Amino acid sequence: QITLKESGPTLVKPTQILTLTCTLSGSSVSNFGVGVGWVRQPPGKALEWVALSYWNNDQRYSPSLKSRLTITEDTPKNQVVLTVTNMDPVDSATYYCVHIKWPLYTFDYWGQGILVTVSS
Amino acid sequence: QSALTQPPSASGSPGQSVTISCTGTTSDISIYNFVSWYQQHPGTAPKLIIYEVNKRPSGVSHRFSGSKSGNTASLTISGLQTEDEAVYSCSSYAGSSNFVIFGGGTKLTVL
């Protein structure tokens, strides 16, 4: 059974850097075909794909956020880390860690989500 | 403005069927068979209910079905039950640059 768990700060100040960690269980980030990434959802609004890291170090970023994002894998810890620079109140959202299996483009497993608020 | 267009709301009575649409463009739904649908109850994470247009993950009720015509995908829920009341969101692969895009979500009310 695959599970994902997000961790990180729930409150950041404007202009600060957000670092979120996703811990994968029941599979490995280095398994062939595995991708782990992030989808966010502002309160009451739509889902938005943010970034993804595949098992082969292929990283994908949302074009609208790309300049502010970095996604990395910590294979020994079976974790994926997302960094978002220059946080703004509009980035306040629940950030979900998601699992994808190449070559499908479907998020088949989701973490419970972590609500991040950007406020001074 | 979401990349895929969904009606904000839909409704039906128990036992009835309801269809939710998801309209894209010639850059996504029209050319890729990677349409997915997610069900989200309040305060919980989305749950995958349809992938690759019309496939159901193990454990998802047969009452959920998906289809696609041109640049519009549809989710049909038959035999509506009260527990089907939720927000339904569609997504589509949109090429290597945009990767996956979502619809704005449709809030389904079971009257």
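Keep in mind the model is a prediction, meaning the values are calculated, not measured. Just so we're on the same page: letters track the sequence lines, and every chain starts at 1.
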Is it the case that one hydrophobic cluster holds both [X] and [Y], taking links as side-chain heavy atoms less than 4.5 Å apart, direct or via other members?
X: Val53(B); Y: Ile77(B); value: yes
X: Ile100(A); Y: Ile71(A); value: no
X: Ile101(B); Y: Tyr61(A); value: no
X: Ile29(B); Y: Ile50(B); value: yes
X: Leu4(B); Y: Ile49(B); value: yes

Proximal component of Gln6(B), with respect to chain A [non-hydrogen, under 4.5 Å]: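 Nothing of Gln6(B), per the 4.5 Å heavy-atom cut-off to chain A.
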Side chain, backbone, both or neither: which part of Pro57(B) has an atom under 4.5 Å from a heavy atom of chain A? neither
From CG (Asn98(B)) to OG (Ser64(A)), nearest 0.5 Å: 9.0 Å
Just how far is it from atom NZ of Lys47(B) to atom OH of Tyr109(A), taken to the nearest 0.5 Å? 12.0 Å
Go through Thr106(A) and Tyr38(B) one step at a time and tell me if the side chain to side chain contact (heavy atoms under 4.5 Å, CB included) criterion holds. CA-CA 10 Å; Thr106(A) 290; Tyr38(B) 302 89; 4.0 Å; yes
Please walk me through it: do Phe34(B) and Leu104(A) pass side chain to side chain contact (heavy atoms under 4.5 Å, CB included)? CA-CA 7 Å; Phe34(B) 289 115; Leu104(A) 302 181; 4.1 Å; yes
For residues Gly104(B) and Ala46(A), report the shortest heavy-atom separation together with the two atoms involved. CA-CB, 3.7 Å
Grab the two heavy atoms, one from Ser36(B) and one from Tyr105(A), that are nearest each other, plus how far apart they are.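 Scanning both residues, the minimum pair turns out to be OG-O, 4.1 Å.
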Quick one: which residues of residues 27-38 of chain A reach chain B at under 4.5 angstrom, heavy atoms only?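 So far as heavy atoms go, nothing in residues 27-38 of chain A approaches chain B to under 4.5 Å.
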Quick check on [X] against chain B: is it the side chain, the backbone, both or neither that has a heavy atom closer than 4.5 Å?
X: Pro103(A); result: backbone
X: Leu115(A); result: neither
X: Val39(A); result: side chain

For chain A, which residues of residues 84-96 of chain B have heavy atoms nearer than 4.5 angstrom: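 Ser89(B), Tyr93(B), Ser96(B) fall under the 4.5 Å cut-off.
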Before we go on, tell me: are the rings of Trp49(A) and Phe99(B) under 6.0 Å apart, centre to centre?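 For Trp49(A) and Phe99(B), the ring centres are under 6.0 Å apart.
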Side chain to side chain contact (heavy atoms under 4.5 Å, CB included) between Phe107(A) and Tyr51(B), intermediate numbers included: CA-CA 9 Å; Phe107(A) 303 119; Tyr51(B) 67 100; over 6 Å; no
